Amino acid sequence: MDSETLEQVASADISVENRHYKVIGSRPIRHDGPDKVTGRALFGADIRMNGLLYGKVLRSPHAHARIISIDVSRALALTGVKAVVTNADLPTLESVVSRVGEGSINWRYLSSNLLAGEKVLYHGHAIAAVSAVNPHVAEQAASLIDVEYEILSPVITVDQAMRPDASILLDELRTNELGARGSTPTNIASHDQFQRGDLDQGFSAASVIVEREFTTSTVHQGYIEPHNATAIWGTDGQITVWTSTQGGHDARRQIAEVLQLPVSRIKVIPMEIGGGFGGKIGIYLEPVAALLSLKSGNRPVQMTMSRFDVLAATGPTSGSVIRVKMGAAQDGQITAAQVSLAYAAGAYPGSPVGSAMSVILNPYRIANVQVDGYDVVTNTPRAAAYRAPGGTNAAFAAESVVDELANKLGIDPIDMRLINGIKEGDRRVDGPISRRVGYIETLERARSSPHYLSALSSPSSATCKVGRGVGSGWWGNWPGGTSSVSVVVNNDGTVNLIEGSTDIGGSRVAMAMMLAETLGIQASDIKPMVVDTDSVGYNDVTAGSRTTYSTGIAVHKAGLKIIHEMCERAAQLWNVDPGTIDYADGVLTSGTNHIGFKELARKIGDGDGNVVASVSISPNGEGVALATHIVDVEVDMETGKVQILRYTAIQDVGTAIHPAYVEGQLQGGVAQGIGWALNEEYVYDAQGHLLNGSLLDYRIPTALDLPMIETVLVEVPNTTHPFGVRGVGEVPIVPPAGAVANAIANATGLRMTILPMSPRHMLEAMWAQAK
Amino acid sequence: MSNKTVVQATINGEEVEFLCETRQSLLEVLRDVLRLTGTKEGCNNGNCGACNVILEGVLVNSCLVLGVEVQGKSITTIEGIASPQGLHPLQQKFLEHAALQCGICTPGVLVSAKALLDRHPHPSEHEVRHWLAGNLCRCTGYDKIVHAILDAADVMSAEVTK
């Protein structure tokens with residue numbers, strides 16, 4: 001079979017229309033599962049080695065201050081201490097912005113986030129790090145470092161930061177105003193805009209207009225595994241880093257840039273990763289651990305953050321202020337929308353306001369529209385990506401207003417979305433023409449779901465009210481980036497699948513299933529493994545819902561190459577032309593000759609050269625995701641507590657490779673969205689001190705807070721992927737806050753415009769309404 | 001440098017003797033002294049349950065127990081849940097139900113679930129959720145975890161009946 005024919009066969013046999021899969025859609029046990037249920041899986045902090053030292057970080061007690069001096073002499077004098085590093089040990093970097101993951105990064109800012117330079121910009125900002133024989137001595141030594149500060153006044157919220165007289169964080173910062181550089185110091189890093197149609201005409205055509213301002217708190221990704229890094233700076237100058245990261249190669253690049261070394265000097269070994277949700281793309285500890293190793297006689301140094309460090313200095317996503325004005329005609333058509341979003345970037349520019357500008361109105365077809373976005377620096381930790389970055393708060397605002405318009409017009413909220421929902425060929429608010437998307441299908445499935453057809457349950461007590469809400473969400477996904485895989489056929493017919501996409505929630509089994517489907521063999525005969533940065537080609541981060549999409553395409557292509565090579569080998573065996581060989585369901589046939597994949601692999605053995613394939617690709621496809629959620633809530637009017645009674649998530653998932661893990665993505669995203677809606681927030685005092693830096697006070701949902709989360713997988717295959725895959729991981733966090741707010745409004749008549757909708761904020765809103 | 005204490009304990013059925021500093025938690029002893037790294041640190045202050053172990057039949061956060069406190073006591077960690085015959089039904093059901101995504105909370109959740117079923121072999125969904133309220137999971141939304149535990153309870157009681 002020549003490669004051209006192979007491609008044709010592949011596109012004919014394995015097309016998105018062919019739904020007769022043997023492996024895809026089944027639920028095999030994940031390959032890494034047994035190690036994970038027995039405690040054998042090695043996460044970043046589980047590395048143990050001879051001569052291991054421990055590193056701890058001294059962090060700023062102030063939200064905004066100039067560093068006058070740092071004296072490390074008392075720390076170095078403590079018995080058991082090996083070394084101290086500060087910003088002075090890092091190279092001075094140019095102010096250059098590069099793409100990292102889905103976002104961008106200014107290397108100078110990344111460096112000064114690792115170890116503060118002239119200023120500390122948030123409570124918890126790293127200043128110095130110590131290595132010592134055990135973590136207790138390292139911690140004690142860190143506390144012996146004397147830092148003299150000039151305390152400056154902090155700005156914590158975007159409103160504070162945008163005031164004309166606000167304290168300035170970064171002296172050199174000027175606003176990028178629609179592409180033009182501003183002339184005066186500011187905390188507003190950028191202002192961007194989408195504009196189309198005629199707003200005045202659109203609003204004058206509306207019979208109902210709703211205008212509201214929403215405020216949302218800073219929240220954290222909340223992964224259970226703290227950040228960690230273990231590094232050896234070898235005597236040969238080679239640096240080895242074991243870490244929990246969403247991308248080994250991106251971690252390597254960041255370490256290389258910060259230390260100004262070529263990437264070939266650095267090997268990153270990505271360990272099992274205990275959750276990331278976007279928060280483990282940027283680096284925090286890796287170069288610091290490497291420098292401590294260098295200064296500690298090349299001994300290995302392990303650093304693990306405390307939970308306070310994680311909450312105070314990593315993660316969060318932006319608090320925001322969002323204004324939405326939207327008008328609709330009597331028939332429900334949205335005639336115009338004007339939106340402005342101001343997102344807190346934390347200490348350095350780079351909030352997800354750009355993606356929020358797309359998310360906020362993209363489920364809808366709107367002719368007259370203007371969206372303004374502002375990226376604003378604040379004295380809080382540098383914002384990191386968090387699952388559909390910027391989407392949840394944006395959709396909270398827009399979905400609340402769409403719901404209110406529907407109510408005012410007397411239209412069912414699902415019908416309202418059906419009237420305006422985006423279809424193939426419609427122009428999206430952020431510009432592109434929409435390809436085939438399954439939004440309408442999610443709405444129709446929502447409308448006919450057992451949940452939506454059921455009656456609301458009765459309140460559990462006289463002080464309680466119940467209500468139902470609907471919310472939708474859009475997410476762009478990242479159907480691109482580079483993915484590289486290698487495949488090796490073993491002499492027993494099993495197949496090694498070597499990849500570099502770190503597996504954060506079951507992607508190894510999904511990759512194995514796609515290779516098994518391509519080859520026509522069992523998923524259990526594939527051995528998927530994530531390897532270090534020296535052992536596979538470049539891979540972009542596991543983020544943007546890209547892994548099953550992009551790495552999946554690489555896996556499929558590698559499978560086709562393996563089939564091609566196996567056909568060549570069979571041709572030699574039978575002394576026939578390779579073009580005469582037919583490959584189907586793992587069996588090779590030519591005339592009366594036929595042989596199974598495994599048997600052929602055994603015959604090839606190891607003596608005649610292995611059958612191997614490597615692929616590196618950078619697809620430029622599409623595969624946006626849309627979801628519609630339904631939620632029932634009970635509101636206790638005395639305490640303000642909101643209880644989730646029932647929840648259903650309906651999502652266009654393209655093709656579900658392993659449906660159980662797809663359902664898991666929906667359920668996990670919903671749970672995080674509910675936490676964002678009801679409980680989670682950073683609490684700062686007026687001086688900018690984080691007051692709730694623990695998992696007791698920063699309260700993520702527990703098992704007791706949630707019901708079972710029902711899922712409906714709508715499969716509208718993505719035409720740009722051989723198996724129809726769409727990214728599924730991010731969009732499920734987009735609708736929950738809006739859906740819950742709409743359920744609260746349905747129950748109480750109260751329109752919440754603040755997140756979280758915690759008992760405190762609920763009671764304040766009820767009291768304000770009662771006045 | 002602080003003085004170290006000799007401690008004898010039974011861990012996963014094996015008698016062990018170790019040296020520990022009085023300030024070291026049981027979690028540190030397990031992970032750093034005995035190199036049983038299956039028990040995880042998520043918060044080090046008793047809020048997340050990732051470090052759950054069973055101490056003398058009682059579910060505890062090992063980060064809140066000092067190493068020197070376990071002198072003469074018996075401890076079960078995640079490494080001691082499976083038997084030589086194979087995985088514990090809870091472990092098997094976690095795999096079948098896809099009740100883990102990243103897997104960092106999984107050891108603590110499994111130890112917690114075992115302590116639950118040891119005490120209450122037939123829990124309701126609400127009892128499972130109440131018992132697990134001390135085990136934070138950020139990936140799964142708990143749905144598949146609760147299903148897996150209820151399923152394991154059914155399987156185990158069917159085995160007892162046989």
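Within every chain, numbering begins at 1; the chains are lettered A, B, ... in the order of the sequence lines, protein sequences first and strands thereafter. In this text, all values refer to a predicted model and were calculated from it rather than measured experimentally.
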Approximate separation, where rounding is to 0.5 Å, of A/Ser507 OG and B/Gln101 CD | 11.0 Å
Answer with side chain, backbone, both or neither: which region of A/Arg40 has an atom nearer than 4.5 Å to a non-hydrogen atom of chain B?
-> neither
Minimum heavy-atom separation for B/Leu100 to A/Tyr661, with atom names?
-> O-CE2, 3.3 Å
In plain terms, say whether B/Arg138 and A/Glu680 are close enough for a salt bridge, that is, a side-chain N and a carboxylate O under 4.0 Å apart.
-> yes
So how far is it from A/Gln665 CD to B/Cys139 SG, rounded to the nearest 0.5 Å?
-> 8.0 Å
In terms of heavy-atom pairs under 4.5 Å with chain B, which of A/Val37, A/Asp32, A/Thr702 leads?
-> A/Val37
Side chain, backbone, both or neither of A/Leu42 within contact of chain B (heavy atoms, under 4.5 Å) = side chain
What part of B/Arg31 lies closer than 4.5 angstrom to a heavy atom of chain A: side chain, backbone, both or neither?
-> both
So what's closer than 4.5 Å to chain A heavy atoms on B/Leu95: side chain, backbone, both or neither?
-> both
Backbone N or O of A/Pro701 within a donor-acceptor pair of the B/Tyr142 side chain at under 3.5 Å?
-> yes
Give, as side chain, backbone, both or neither, the part of A/Gln672 having an atom under 4.5 angstrom from any heavy atom of chain B.
-> both
How many angstroms lie between atom CG of A/Leu706 and atom CZ of B/Arg129, to the nearest 0.5 angstrom?
-> 6.5 Å
Which region of A/Ala45, side chain (C-beta onward) or backbone (N, CA, C, O), has a non-hydrogen atom less than 4.5 Å from a non-hydrogen atom of chain B, or is it both or neither?
-> both
Segment of B/Asn135 engaging chain A (4.5 angstrom heavy-atom cut-off) = neither
Can you tell me how far CG of B/Leu136 sits from CD1 of A/Ile700, rounded to the nearest 0.5 angstrom?
-> 4.5 Å
Identify which part of B/Asn45 has an atom lying under 4.5 Å from any heavy atom of chain A, answering side chain, backbone, both or neither.
-> side chain
Kindly indicate, with the supporting measurements, whether the criterion side-chain contact (heavy atoms from CB on, under 4.5 Å) is fulfilled by A/Asn134 and B/Glu21.
-> CA-CA 11 Å; A/Asn134 72 46; B/Glu21 294 179 39; 3.6 Å; yes
Roughly how far, to the nearest 0.5 Å, is the NE2 atom of B/His97 from the CD1 atom of A/Ile29?
-> 10.5 Å
Closest contact, heavy atoms only, A/Leu695 versus B/Cys48 = CD1-CB, 4.0 Å
side-chain contact (heavy atoms from CB on, under 4.5 Å) with A/Thr38: which of B/Leu87, B/Ile81, B/Ile78?
-> B/Leu87
Max heavy-atom pair count under 4.5 Å with chain B, selected residue of A/Lys36, A/Arg307, A/Arg48 | A/Arg48
